[in-house]
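Keep in mind the model is a prediction, meaning the values are calculated, not measured. Side chains are part of it too, since the values below use all heavy atoms of this structure and drop only hydrogens, waters and symmetry mates. Labels below follow one simple rule: chain letters A, B, ... track the order of the sequence lines, proteins then strands, and each chain is numbered from 1.
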Amino acid sequence: MANYNPEEIEPKWQNYWRENKFYHAKDPAEAGEAEKFFALVEFPYPSGEGLHVGHCRSYSAMDAIVRKRRMEGWNVLYPIGWDAFGLPAENFAIKTGIHPSVSTQKNIDNFKRQLKRLGLSFDWEREINTTDPKYYKWTQWIFLQLFKKDMAYQSKVPVNWCPKCLIGLANEEVIGGKCERCGEQVVRKELKQWMFRITRYADRLIEDLEKLDYLEKIKIQQKEWIGRSEGTEAVFKIDGTEESLKIFTTRIDTIFGVTALVLAPEHNLVSILENNISNLEEVKKYIEKVREKTEFERVNLEKERTGIKLEGVWAVNPISGDKIEIWLGDYVIGSYGGGAVMMVPAHDRRDYDFAQKYGLAIKEVVKGGEISKEAFTDYGVLTNSEGFSGMASKEAIEKLQELLKEKEMGGISIQYKLRDWIFSRQHYWGEPIPIIHCEKCGVVPVPEEQLPVELPFVEKYQPTKTGESPLAAIDEWVNVKCPKCGGPAKRETDTMPNWAGSNWYYMRYCDPQNDQTLGSLEKLKYWLPVDWYNGGMEHTTLHLLYSRFIYKFLFDIGVAPSLEPYQKRTSQGMVLSYDGQKMSKSRGNVINPDDIIKEYGADTLRVYELFMGPFDQAISWNIQGVKGVRRFLDKVYNLVLERLPNEESGKQAQRLIHQLNRRVSQNIETMKFNTAISGFMEFINFAADNKEEIGREVLERMILLLSPFAPHLAEELWQKTGSRESVFQQKWPIFDPALAQEQKINLIIQVNGKMRDKIEADPEISEEEAKAAALASPKVQNWLNNKEPKKIIFVKGRLINIVI
RNA sequence: GCGGGCGUGGCGAAAUUGGCAAACGCGCAGGACUUAGGAUCCUGUGGGUCUCCCUUGCGGGUUCAACUCCCGCCGCCCGCACCA
């Protein structure tokens with residue numbers, strides 16, 4: 001028996017496919033009638049560790065989908081590239097002195113070799129690299145457009161500062177108070193940063209989700225992250241001054257229960273009212289103490305809320321006119337809802353605790369709870385609320401909003417958890433921000449014709465201790481003439497974060513060589529939006545949300561051709577190591593795809609990763625499972641070689657192959673790869689027991705069906721059928737319902753809903769016949785025990801149930 | 001605390017969406033070939049008091065029929081988390 005030898009056949013067919021350009025995506029001019037299909041997978045960060053088996057899972061899955069789609073006649077774009085700016089390359093440079101571009105290129109070469117060895121059907125003609133100046137020219141161009149539309153601005157903000165990486169982090173990059181990359185405790189530091197006004201797009205980012213085919217949990221997570229909240233704004237005048245204070249609440253119906261206002265410690269009212277606050281010294285000390293704590297520490301000291309009363313100042317309740325105290329409290333978040341809340345101890349848990357700790361009054365204004373014991377936070381009927389007493393909460397909210405509006409003291413207000421996006425990094429290995437600071441003209445954008453602003457070559461990559469980027473140390477790069485006035489000016493030395501290049505990379509695939517625009521409108525219009533985007537859940541609130549925002553902005557300025565970038569989004573489950581842990585160098589449990597390919601072949605690796613479990617679920621690596629898949633492929637190979645000369649196929653084999661055809665076609669589209677593959681195994685098991693049934697026609701169909709999963713093996717076997725064409729030049733087989741139809745079924749006979757017997761029957765068997773057959777069964781007779789059936793349920797083609 | 005998901009053999013899981021629970025794979029046991037087996041092939045494999053009964057985290061309900069739908073618990077995983 002001949003031997004299936006992937007090490008020999010896989011490279012052979014990879015070369016053949018490359019030479020024949022089977023994966024070439026046709027631009028609109030050459031596409032003809034074919035419908036386009038843009039399939040996207042997240043482009044990898046080319047780390048020194050090489051390709052992760054998790055990459056393989058996502059890429060193999062999408063590869064199966066696009067291979068099928070091509071065979072169905074779609075014009076498929078399945079591209080790949082490199083998200084190559086980032087901290088590890090820079091850290092590596094600091095350690096070794098090797099320039100990031102050098103190590104990055106080396107890593108890319110390695111990744112590329114690995115991806116090609118997997119036989120993935122990427123169109124390599126469209127490969128992109130975010131660190132290529134020809135690419136990041138357009139990343140910078142997008143920044144300039146944002147700047148011109150006042151969507152990018154500078155602001156001194158407290159940033160999450162990682163003392164180890166010496167870098168400012170976005171909120172999203174801080175996990176549990178620690179730096180996402182190095183795990184160091186993050187501290188607060190005030191830095192002037194570039195910001196994007198993503199908050200202006202908050203509503204659209206929520207609303208437009210409706211039109212998209214994303215997994216529901218992705219939509220929910222994005223909505224939650226944006227955190228839209230409808231409530232009321234109310235203005236409290238500061239007694240005896242011209243000053244006032246805006247607060248945000250979702251429970252304006254409790255306004256008669258307000259016993260104080262509480263401000264975030266960083267609220268600017270303190271400095272405004274300095275002269276009125278009699279305990280200023282103490283207050284300042286308190287603010288200082290809180291400032292030292294990071295937001296994370298503040299959050300985690302939940303049980304120990306602290307605060308201080310501002311002595312000598314009073315606020316006036318805009319509805320009741322009552323004079324109330326003003327406090328600072330560390331439980332109030334400075335960046336949300338104006339950093340001020342009205343404290344209603346009776347109807348808010350936090351306020352209740354705070355009031356108890358500091359002896360503030362607790363006044364019940366909504367009936368229904370026992371406020372001597374705990375806060376009552378439900379809606380209810382108002383009490384102790386002057387004219388509003390007896391009114392339901394919801395109604396009171398509406399009335400009070402109207403009243404505040406009339407008095408010009410507030411009204412309906414909408415708040416978001418989403419903050420503007422900090423877009424500066426104090427690092428070398430990123431896209432330079434194309435801005436020049438002129439002493440006379442201020443902030444001046446680099447003229448578009450001067451793009452790209454190339455990263456200069458440096459000797460030292462160390463971040464400076466001051467928080468400036470290493471670029472700040474290169475005088476000849478920093479010092480430039482102002483493009484406006486020609487006077488002395490300095491370049492912006494901050495670079496862009498990791499997300500900058502990945503925000504829009506999929507657009508570049510549509511027209512990767514264009515040096516006039518980011519992409520020609522014709523090509524963008526043709527390919528976009530992406531039809532199907534698969535990637536990791538961990539990117540839901542980072543990359544996925546931000547790239548939607550950037551795309552919407554580009555749509556607004558006429559560059560992007562649609563409202564949304566990705567029509568469909570799915571996610572693969574994580575591939576864990578054999579110990580159920582995340583793979584990591586330090587744990588020493590990393591599975592290297594090279595090793596698997598070497599020992600078992602790329603097809604085995606691909607099929608295993610799709611067979612190992614439901615695609616969207618995290619799953620542990622199991623080398624025994626890999627071996628099982630290899631055994632299966634061996635069986636396929638040997639069966640085809642043995643039975644191919646046989647012209648005739650049996651009826652049952654035909655039926656099974658058409659059933660398999662139906663199942664595989666469906667399962668690929670719904671990403672139920674594991675059951676598709678088990679279907680092949682069932683068929684192979686049948687074939688092994690019924691060899692005489694298996695002939696050429698059935699085998700050819702099986703090879704076609706298998707080709708998206710095990711492309712090399714399928715090609716090898718297809719060529720053995722005598723075909724002079726590639727398996728991927730064939731049409732995707734359509735199953736014949738008539739042939740797939742079972743000729744005989746097992747009719748289940750139940751008595752009282754329990755299976756007692758089964759008989760072979762025609763699928764079209766009538767109720768009468770089924771009943772007769774059922775009652776004729778000795779087993780049924782035994783169970784009937786001479787009793788009369790009360791009722792008979794007949795499900796055509798399936799079962800008959802006799803109820804007694 | 002809030003939001004989402006999940007719970008089926010020794011393990012990964014499947015179940016045509018309410019109709020034979022455990023397909024397929026792994027593991028395990030026995031056998032064949034073999035100097036050898038950690039290669040390959042064959043047979044068996046949910047449990048029991050085994051013609052029958054029990055079994056999909058636990059308890060209840062709807063139904064002729066429930067892994068699937070409803071109610072109440074328990075447990076696990078993921079995301080967010082003092083968002084007023």
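- Atom CG in L576(A) sits about 12 Å away from atom C1' in C77(B), given to the nearest Å.
- Residue T541(A) places none of its side-chain N or O atoms closer than 4.0 Å to OP1 or OP2 of C80(B).
- Take R756(A) and apply the side chain to side chain contact (heavy atoms under 4.5 Å, CB included) test, not counting sequence neighbours, and it matches V751(A), K754(A), W783(A).
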Could you run through nucleotides 45-53 of chain B and give me one letter per nucleotide, 5' to 3': B if any protein heavy atom sits under 4.0 Å from the base, S if only the sugar-phosphate is that close, - if neither? -------SS
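- Side-chain atoms of V332(A) lie closest to A84(B) of the nucleotides A84(B), A13(B), C82(B).
- OP1 or OP2 of C64(B) has at least one side-chain nitrogen or oxygen of K791(A) nearer than 4.0 Å.
- The CG-P distance, from L263(A) to C82(B), rounds to 18 Å in whole Å.
- At a cut-off of 3.5 angstrom, the base of C82(B) holds no donor-acceptor pair with the side chain of R349(A).
- For E210(A), the salt bridge (charged side-chain N to carboxylate O under 4.0 Å, His left out) partners at least two apart in sequence or on another chain are K223(A).
- Straight-line distance between the P atoms of C26(B) and G44(B): roughly 15 Å, to the nearest whole Å.
- Under the 4.5 Å side-chain criterion, counting only non-hydrogen atoms from C-beta, L576(A) is not in contact with I619(A).
- Residues passing the salt bridge (charged side-chain N to carboxylate O under 4.0 Å, His left out) test with E769(A): none are found, sequence neighbours excluded.
- Annotation: I412(A), atom CD1; neighbour count of heavy atoms from other residues, nucleotides and ligands within 6.0 Å does not exceed 12.
- Taking atom C1' on both A15(B) and U56(B), the two are 11 Å apart, rounded to the nearest angstrom.
- At most 12 heavy atoms of other shown residues, nucleotides or ligands fall within 6.0 angstrom of atom NZ in K771(A).
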Give the dot-bracket line for RNA chain B from 5' end to 3' end: parentheses for intra-strand Watson-Crick or G-U pairs under 3.5 Å, square brackets for crossings, | for inter-strand pairing, dots for unpaired. (((((((..(((......[....)))((((((.......))))))(((...)))..(((((..]....))))))))))))....
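- Of the residues in residues 760-777 of chain A, none lies under 4.0 Å from RNA chain B by heavy-atom distance.
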Generate the contact string for nucleotides 18-30 of chain B. Rules: B means base contact, S means sugar-phosphate contact only, - means no protein heavy atom under 4.0 Å. -BB--BBSSS---
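- R548(A) is linked by a salt bridge (charged side-chain N to carboxylate O under 4.0 Å, His left out) to E564(A), counting only residues two or more places apart in sequence or in another chain.
- One finds a side-chain N or O of Q617(A) lying less than 4.0 angstrom from the OP1 or OP2 phosphate oxygen of A13(B).
- Taking atom P on both nucleotides, G7(B) is separated from C58(B) by 13 Å, rounded to a whole Å.
- In this structure, G613(A) and F248(A) both approach RNA chain B, and ranking their closest nucleotides by distance from the 5' end singles out G613(A).
- Between C69(B) and G19(B), the distance separating the two P atoms is 11 Å to the nearest Å.
- When the C1' atom is compared between G47(B) and C42(B), the two are found 26 Å apart, to the nearest whole Å.
- K219(A) NZ: more than 12 foreign heavy atoms inside a 6.0 Å radius.
- Whole-Å rounding puts the K417(A) NZ to A81(B) P distance at 7 Å.
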Apply ring-ring contact (aromatic ring centres under 6.0 Å, His included) to Y201(A) and W421(A), showing your working. CA-CA 12 Å; Y201(A) 281 72; W421(A) 178 13; over 10 Å; no
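- Atom-to-atom, CE of M342(A) to P of C82(B) comes out at 20 Å; the value is rounded to the nearest Å.
- Partners of Y352(A) under the side chain to side chain contact (heavy atoms under 4.5 Å, CB included) rule, at least two apart in sequence or in another chain, are Q356(A), I362(A), A375(A).
- Using a cutoff of 4.0 Å between basic side-chain nitrogens and carboxylate oxygens, R798(A) and E767(A) are not scored as salt-bridged.
- Residue contacts shown for Q221(A) are limited to sugar-phosphate atoms, with no base heavy atom under 4.0 Å away.
- Considering only residues two or more places apart in sequence or on other chains, A774(A) meets the side chain to side chain contact (heavy atoms under 4.5 Å, CB included) condition with I749(A), I800(A), I802(A).
- Residue D616(A) contributes atom CG, which lies 12 Å from atom P of G5(B) at whole-angstrom precision.
- Shown here are the salt bridge (charged side-chain N to carboxylate O under 4.0 Å, His left out) partners of K363(A), two or more places apart in sequence or in another chain: there are none.
- The same atom, P, is picked in U17(B) and in C78(B); the two are 33 Å apart, to the nearest Å.
- A gap of 38 Å separates the C1' atoms of A39(B) and G48(B), to the nearest Å.
- Note: CD (E374(A)) to C1' (G1(B)) measures 13 Å, nearest angstrom.
- Because its NZ or CZ atom is both nearer than 6.0 Å to the ring centre of F735(A) and within 45° of the ring axis, R662(A) counts as a cation-pi partner of that residue.
- The residue from T306(A), D351(A), D353(A) that alone fulfils the side chain to side chain donor-acceptor pair (under 3.5 Å) condition with Y331(A) is D351(A).
- In this structure, Y336(A) reaches the A84(B) phosphate: one of its side-chain N or O atoms is under 4.0 Å from OP1 or OP2.
- When the P atom of G12(B) is taken as reference, atom CE of M612(A) falls 12 Å away, rounded to whole Å.
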Please tabulate, for side-chain N and O atoms in residues 250-257 of chain A, each donor-acceptor pair with protein atoms closer than 3.5 Å (sequence neighbours left out).
{"unit_1": "R251(A)", "atom_1": "NE", "unit_2": "D253(A)", "atom_2": "OD1", "d": "3.0"}
{"unit_1": "R251(A)", "atom_1": "NE", "unit_2": "D253(A)", "atom_2": "OD2", "d": "3.4"}
{"unit_1": "R251(A)", "atom_1": "NH1", "unit_2": "T377(A)", "atom_2": "O", "d": "2.9"}
{"unit_1": "R251(A)", "atom_1": "NH2", "unit_2": "D253(A)", "atom_2": "OD2", "d": "3.0"}
{"unit_1": "R251(A)", "atom_1": "NH2", "unit_2": "D378(A)", "atom_2": "O", "d": "3.4"}
{"unit_1": "D253(A)", "atom_1": "OD2", "unit_2": "S393(A)", "atom_2": "OG", "d": "2.9"}
{"unit_1": "T254(A)", "atom_1": "OG1", "unit_2": "R251(A)", "atom_2": "O", "d": "2.7"}

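- Within the 4.0 angstrom heavy-atom criterion, base atoms lie near V341(A).
- To the nearest whole angstrom, the two P atoms, one in A22(B) and one in G31(B), are 29 Å apart.
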